[in-house]
Amino acid sequence: MVRRIPRGKVATYGQVARLAGVANGARQVGYALHALREGTTVPWFRVLNAQGASSLRDGHDVTQRLLLEREGVRFRADGRVSLDLHGWRPRGRATPRAASRRASKDCGAS
DNA sequence: GCGGTGACGGTCG
DNA sequence: CCGACCGCCACCG
């Protein structure tokens with residue numbers, strides 16, 4: 001599921017769990033991502049908690065922020081991401097503006 | 001097998 | 001809008 005998150009978008013642990021068919025599996029998603037090896041191709045950094053913040057510690061949250069900013073995700077002054085703005089919507093439910101923005105980014109920007 | 005723990009989250013105050 | 005409180009469930013000692 002995490003691999004399906006488009007560049008420039010973020011999903012929450014709970015969202016990934018539900019999309020994977022697990023109703024209350026947010027913590028398990030975190031556990032699974034925690035078990036990833038260093039050279040993984042899974043875009044783990046696109047997963048944030050429900051508050052739009054990184055759940056990592058010991059400075060690893062900075063790495064996550066860097067990777068996200070690298071693909072255009074903007075962090076607010078409080079260090080959190082607006083899910084309204086960057087949250088991934090598999091069903092494409094969004095404002096016209098968000099839709100056009102997504103179209104341009106998903107289409108190969110980098 | 002048991003209890004503590006966590007890259008979480010919905011509810012309440 | 002925050003913090004505190006549970007509920008959740010796979011791991012681990």
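This is a predicted model, so every value here is computed, not measured. Computation of the quantities below employed the complete heavy-atom set of this structure, encompassing side-chain atoms and omitting hydrogens, waters and symmetry-equivalent molecules. Residue numbers begin at 1 in each chain, while the letters A, B, ... track the order of the sequences.
- Between A:Arg46 and the options A:Val2, A:Val16, A:Leu68, A:Val73, a side chain to side chain contact (heavy atoms under 4.5 Å, CB included) holds for only A:Leu68.
- Listed nucleotides: B:dA7, B:dG9, C:dC8. Nearest to the side chain of A:Asn24: C:dC8.
- Here A:Ser54 lies out of heavy-atom contact (under 4.0 Å) with every strand.
- For A:Tyr31, there are no side chain to side chain contact (heavy atoms under 4.5 Å, CB included) partners at least two apart in sequence or on another chain.
- Here A:Arg46 lies out of heavy-atom contact (under 4.0 Å) with every strand.
- Here the side chains of A:Arg65 and A:Ser54 are not in contact, with every heavy-atom distance at 4.5 Å or above.
- DNA chain C forms stems at B:2-6 with C:9-13, B:8-13 with C:2-7, each a run of 3 or more consecutive Watson-Crick or G-U wobble pairs whose two key distances fall under 3.5 Å.
- Using a 4.0 Å cut-off, no side-chain N or O of A:Arg27 falls inside it from OP1 or OP2 of B:dG10.
- Judged by distance alone, the side chain of A:Glu71 and the main-chain N or O of A:Pro6 form no donor-acceptor pair under 3.5 Å.
- Judged by atom type and distance alone, A:Tyr13 reaches the base of B:dA7 through a side-chain donor-acceptor pair under 3.5 Å.
- The distance from atom CZ of A:Arg57 to atom P of B:dT5 is 12 Å, rounded to the nearest whole Å.
- For A:Ile5 and B:dA7, the CD1 to C1' distance is 13 Å, given to the nearest whole Å.
- Atom NE2 of A:His34 is separated from atom C1' of C:dA10 by 13 Å (rounded to the nearest Å).
- Taking OH from A:Tyr13 and CG from A:Leu33, the interatomic distance works out to 6.0 Å, rounded to the nearest 0.5 Å.
- Interatomic distance, A:Phe75 CZ to A:His86 NE2, rounded to the nearest 0.5 Å: 9.0 Å.
- Taking atom CG of residue A:Asp78 and atom P of nucleotide C:dC2, one finds them 7 Å apart after rounding to whole Å.
- Separating the CG atom of A:Leu67 from the P atom of B:dA7 is a distance of 18 Å, rounded to the nearest angstrom.
- One can place CZ of A:Arg80 at 12 Å from P of B:dG9, the figure rounded to the nearest angstrom.
- Taking side-chain N and O atoms only, A:Tyr31 has no distance below 4.0 Å to OP1 or OP2 of B:dC8.
- In this structure a side-chain-to-backbone donor-acceptor pair under 3.5 Å is present from A:Gln15 to A:Trp88.
- A sub-4.0 Å separation between OP1 or OP2 of B:dG6 and a side-chain N or O of A:Ser55 is absent.
- Rounded to whole Å, the distance from CG on A:Asp61 to P on B:dG6 is 17 Å.
- Atom-to-atom, CD of A:Gln15 to P of B:dC8 comes out at 15 Å; the value is rounded to the nearest Å.
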